[in-house]
Amino acid sequence: MKKEEKILEIGCGTGQATGGLVNKDYKNITCIELGDRLAQFTSDKFKSYTSIKVINTSFEEWDGLGSPFHLAISGTAFHFIEPKIGYRKVWELLDSTGTIGFFWTIHVPMFDEVHNEIRSHYLELAPHLDDSKYRTPEEIINERRIITEYTGIFTDLVVKEYSRLLSYTSCDYVALLNTNSKHRQLPETIRNALLKKIEDTIDRAGGVINKEHRVALFLGKKLN
């Protein structure tokens, strides 16, 4: 892909993926972000690049100004868009040789002593968040593959998985959980008690927890 070709980013959030593209010298980017604060944050972050535009709207309602694009990317944000609407609109906004690069962060349950003790806290205070009952990463990835293939408008689908082990201090890990929507939905007293138990468990285990971070990247070409 040529550096000057146009890229569409759906759900840019704080601009982490945007920054990755900029670091590789891809700067012709139109970012769509529903959250007004996130849109403003990312707009300010890249204000020195006149070719990077951040538009504060939902992807479904956006008018597509600036199309056609050569590449459309999206992180987990695309999960919240109705597939029948989202994939079709992306297809319409791409040029004849356009491609998609959608990526999802996949939760990977771990069953060492620390994670098992943390799991016991969930069973006590928020059993619906017991990750041992979640679908496996393989099931989640396969479901998204099926959804993408079922649209019938993208071809040569390739799924690539990237995994690494990240380390968090007890404080950082609890702060991360506190940003998670499922945890934010808990009653405050329950959430605080749960996070305190998790923090204490990690501290007793040495103050650091390791967590597998897995990302699945779905690549496909526009079918003409």
### Message
Quick test of your reading of the model: are D131 and K133 salt-bridged, counting only N-O distances below 4.0 Å?
### Response
no

### Student check: side-chain heavy atoms of I29 and V54 closer than 4.5 Å
no

#### Entry: Side-chain heavy atoms of F218 within contact of I100, under 4.5 Å
no

### Message
Let me confirm one number: the CZ-CG distance from F111 to N116, rounded to the nearest 0.5 Å.
### Response
7.0 Å

### Query
Are any of the side-chain heavy atoms of R164 and L166 separated by less than 4.5 Å?
yes

### Query
So, T148 side chain and R144 main chain: donor-acceptor pair closer than 3.5 Å or not?
yes

### Query
How about N210 and D112: do any of their side-chain heavy atoms sit closer than 4.5 Å?
no

### Task
Mark yes when over 12 heavy atoms from residues, nucleotides or ligands other than E139 sit less than 6.0 Å from its CD; otherwise mark no.
yes

### Message
Can you confirm if the NZ or CZ of K182 lies within 45° of the ring axis of Y134 and under 6.0 Å from the centre of its six-membered ring?
### Response
yes

### Residue pair L217 / E161, side-chain heavy-atom distance below 4.5 Å
no

### Query
If you round to the nearest 0.5 Å, how far is NE2 of H70 from NZ of K222?
11.5 Å

### Query
Salt bridge between K3 and E5, side-chain N to carboxylate O under 4.0 Å?
no

### Message
I want to check something: taking the side chain as every heavy atom from C-beta on, are W104 and I141 in contact at a cut-off of under 4.5 Å?
### Response
no

### Task
Taking atom types as modelled, find out whether E138 and N142 have a side-chain donor-acceptor pair closer than 3.5 angstrom.
no

### Query
When you look at NZ of K24, are more than 12 heavy atoms from neighbouring residues, nucleotides or ligands closer to it than 6.0 Å?
no

### Query
In terms of heavy-atom contacts, does CD of Q16 have more than 12 from other residues, nucleotides or ligands at under 6.0 Å?
no

#### Entry: Residue from D200, D203, T201 passing side-chain hydrogen bond (donor to acceptor under 3.5 Å, both in side chains) with S170
D203

#### Entry: Closest contact, heavy atoms only, F103 versus A17
CZ-CB, 3.9 Å

#### Entry: Flag, side chain of R191 to backbone of L186, donor-acceptor distance under 3.5 Å
yes

### Message
Taking the cut-offs as 6.0 angstrom to the six-membered ring centre and 45 degrees off its axis, would you call K6 and F69 a cation-pi pair?
### Response
yes

### Query
Side-chain contact, heavy-atom cut-off 4.5 Å: E124 with K197?
yes

### Message
Could you tell me if T30 and E9 have a donor-acceptor pair between their side chains, going purely by distance under 3.5 Å?
### Response
no

### Task
May I ask you to check whether over 12 heavy atoms, not counting those of L165, lie within 6.0 Å of atom CG?
yes

### Query
Which residue pairs pass the ring pair (Phe, Tyr, Trp, His ring centres under 6.0 Å) test when at least one of the two sits in residues 157-191, sequence neighbours left out?
Y122-H183, Y168-Y173

### Test item: M1 and Y26 side chains (from C-beta on) under 4.5 Å apart, heavy atoms
yes

### Query
More than 12 non-hydrogen atoms from neighbouring residues, nucleotides or ligands closer than 6.0 Å to NZ on K45, yes or no?
yes

